[in-house]
Each structure stands twice: as C-alpha cells, then as structure tokens.
There are 2 protein chains.
Amino acid sequence: MRNLISLLREVGLQPTPQRLAVAQYVLATTSHPTADEVFEKARKKCPTLSRATVYNTLARLSEKGLVRPQTIMEGVVVFDAYMEKHHHFIDEDTGTIHDVPWGDLVVSGAENLREYEIREYQVVMRGRRRSG
Amino acid sequence: MRNLISLLREVGLQPTPQRLAVAQYVLATTSHPTADEVFEKARKKCPTLSRATVYNTLARLSEKGLVRPQTIMEGVVVFDAYMEKHHHFIDEDTGTIHDVPWGDLVVSGAENLREYEIREYQVVMRGRRRSG
DNA sequence: GTTCGTGCAAACGGTTTGCAACAAT
DNA sequence: ATTGTTGCAAACCGTTTGCACGAAC
C-alpha cells in the first residue's frame with residue numbers, strides 16, 4: 001500500500017518488497033507473532049524473503065519505534081505493533097497473548113519505590129480465557 | 001546441610017550431591033540466576049556436576065514448587081526461589097533483577113476483566129536504579 | 001562508486017534429548 | 001530387578017553473523 005511505503009520512507013527505511021511484506025503483516029496483526037511466524041506469513045506475499053531479512057527488518061522497525069519486542073513468553077521474543085502503553089494477558093491453555101488497555105488497570109504505589117527510576121512498567125497476567 | 005537433605009526428601013527427590021549443590025545455591029540466592037550461572041556456582045561445590053543435571057534439577061525443583069522460572073529477560077530463563085507473590089524491577093543498565101514486595105504496589109481493576117480468569121499476575125518494571 | 005539491502009549458510013547460545021553407566025530401592 | 005540419577009555428546013531451536021551479490025542513491 002502507498003501508505004506503508006510512505007511510512008517506511010518517513011522513518012528512513014528503503015521500502016523494499018521484503019520490508020513491505022514484513023511490515024504489512026506485523027503492523028496489522030494483533031496476534032503478537034514471533035519472528036518465525038512473521039517469516040511464514042510474509043513469505044506468502046514475498047516468496048524470496050529470508051529469515052535473516054525478517055530479523056533484520058524487525059530490528060529496524062523496532063529501532064524506529066513501529067514495533068516493540070516483548071519478552072514475556074518462554075523461549076521466544078514476540079512483536080507487538082500496538083505501541084501505546086498497555087498490559088498483557090497470557091492464556092496459558094493456548095499460549096495466546098492478549099492486549100489489555102492501559103486504562104483497565106491502575107497500579108499504585110510505584111511513587112514510593114524511591115530506589116528505582118521506573119522508565120516503564122506493565123502488568124503481566126496469566127490464566128485462562130473465560131469460556132462464556 | 002541436614003535441612004536441605006530433608007527438604008529434598010520431603011518433596012520426593014533423592015538428595016544426591018549434585019542436587020544438593022544446585023539446591024544449596026539456587027535456594028539461597030536472591031540474584032535470579034540463569035541455569036548457566038547456577039551451573040558455574042554449584043560446580044564449585046560439586047565439580048562432577050554437568051549442565052544436563054543442572055537443567056534437570058532446576059526443572060524438578062520447579063515442579064516441586066521450590067523455585068519459579070521467570071521469563072522476563074531477553075533470551076534466558078532466570079530462577080527465583082522467593083516463592084511468595086511479588087513484582088520485579090529490571091535494572092536496564094546492569095540487567096539485574098530486583099524483587100519488589102507484593103505489598104509495595106496495588107493493582108486495581110483486574111476484577112473488571114471478565115473475559116479472563118487470572119491465575120496470577122505481576123508488575124514488571126524497567127528502568128534505572130537510583131544512584132543515591 | 002559507495003552505501004544499503006538481500007539471501008544463503010554457517011555460527012552461536014541456551015536448552016533438551018538419547019543413551020549407556022551406575023546408584024538406590 | 002526395577003527404578004531413579006548421572007555425564008557426555010549430539011541434537012535442537014531461536015537468533016545472529018559473515019559474506020558476496022545486487023539494487024539504490
């Protein structure tokens with residue numbers, strides 16, 4: 001899409017077909033994909049895409065603030081394009097990660113932790129998604 | 001120590017020299033060591049110790065509820081023997097993880113997240129430790 | 001023509017597994 | 001005898017790196 005091309009140009013990245021395929025997928029999904037999931041999905045749009053380019057592109061998107069790597073799952077980094085502050089709920093049955101809007105939870109008491117200069121924080125919840 | 005031997009027996013683990021060395025270190029430290037750090041330290045007490053046994057022992061200590069693996073750092077699992085509920089602060093300068101007592105923070109609003117059955121949660125904070 | 005981006009394959013680091021030897025029950 | 005535990009080495013998996021080719025400026 002024209003928008004994506006402009007977006008990449010704005011942040012100083014050449015809009016190659018590979019980067020477009022990666023960005024198109026990772027910026028649109030809310031599924032918190034791993035690098036390998038991005039690779040599988042984006043390769044459908046751009047079959048020549050290699051793993052190295054996926055890792056490379058995700059690193060640059062992250063540097064440019066378009067995506068945030070999250071280390072909340074065992075063994076893998078997942079990528080989150082929802083850039084506003086928010087919390088996470090991890091469904092232990094399925095491994096699915098859900099975004100929880102910032103305003104849904106209030107954390108109080110951090111002001112009293114004087115030994116720490118808190119740059120960011122989030123609540124990480126684990127459990128089951130309700131069936132109903 | 002006699003206590004450690006009884007403890008391992010109580011949870012149904014044979015108190016071998018290797019397990020004693022691993023348990024003695026990981027249950028006493030508050031430094032959130034990685035498996036490899038446990039290996040290095042415990043090997044001083046028990047030079048025949050292998051990496052496989054460290055991973056094996058940590059997995060069992062975890063099953064038995066004596067230790068909790070935490071996935072809050074990039075690329076590694078760290079082990080926490082502080083089993084009461086608590087939060088974590090990660091010093092981004094040093095990579096050090098600090099335990100934050102449960103009562104120091106209050107999280108409210110979780111009751112309203114009706115789609116989720118929350119089994120556990122913690123606040124994960126990142127920043128710098130204050131110099132003063 | 002110099003820089004940037006790519007694919008490939010090899011390397012890497014943390015973790016798991018298969019297996020044969022051995023100790024405990 | 002059966003089961004549990006160990007060390008070793010190989011396998012594994014996610015990620016990074018080196019490099020030579022090609023495209024963009």
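Quantities reported herein were computed from a predicted structural model and do not represent experimental measurements. To find a chain, count down the sequence lines: A is the first, B the second, and so on, and within it residues start at 1.
Screening A:Val124, A:Asp104, A:Val100 for a side chain to side chain contact (heavy atoms under 4.5 Å, CB included) with A:His87, the sole residue that qualifies is A:Val100.
Nearest heavy atoms, A:Ala23 versus A:Leu4: CB-CD2, 4.0 Å.
One can place CE of A:Met73 at 12 Å from P of D:dT15, the figure rounded to the nearest angstrom. Atom CD in B:Gln18 sits roughly 18 Å away from atom P in C:dA21 (whole-Å rounding). Atom CG of B:Leu61 is separated from atom C1' of D:dT5 by 14 Å (rounded to the nearest Å). To the nearest angstrom, C1' of D:dC25 lies 15 Å from CG of A:Leu13. B:Arg60 has its CZ atom 8 Å from the P atom of D:dT6, to the nearest Å. The distance from atom CZ of A:Arg51 to atom C1' of D:dG14 is 9 Å, rounded to the nearest whole Å. Residue A:Leu58 contributes atom CG, which lies 15 Å from atom C1' of C:dG5 at whole-angstrom precision. In this structure, A:Gln70 places its CD atom 18 Å from C1' of D:dG14, rounding to the nearest Å.
Residue B:Asn56 is classed as a base contact, given a heavy-atom separation below 4.0 Å to a base. Using a 4.0 Å heavy-atom cutoff across all strands shown, B:Thr48 reaches sugar-phosphate atoms only and no base atom.
Here B:Thr16 reaches the OP1 or OP2 of D:dT6: one of its side-chain N or O atoms lies under 4.0 Å away. OP1 or OP2 of D:dG7 has at least one side-chain nitrogen or oxygen of B:Thr53 nearer than 4.0 Å. Phosphate proximity of D:dT16 to A:Tyr55: absent, as no side-chain N or O sits under 4.0 Å from OP1 or OP2. Between C:dT6 and A:Arg19, a contact under 4.0 Å exists linking OP1 or OP2 to a side-chain N or O.
In the displayed structure, B:Lys64 atom NZ is contacted under 6.0 Å by more than 12 heavy atoms of other residues, nucleotides or ligands.
Of all nucleotides listed (D:dA9, D:dT15, D:dG4), D:dA9 comes nearest to the side chain of B:Ala52. Distances from the side chain of A:Val77 to the nucleotides D:dA9, C:dG7, D:dT15 place D:dT15 closest.
Counting only N and O atoms by type, the side chains of A:Asp99 and A:His88 include a donor and acceptor under 3.5 Å apart. Using a 3.5 Å distance cut-off with no hydrogens or angles, the side chains of A:Gln70 and A:His32 do not pair a donor with an acceptor.
Taking the nucleotide of DNA chain D with the nearest heavy atom to each of B:Thr57 and B:Glu74, the more 5' of the two is matched to B:Thr57.
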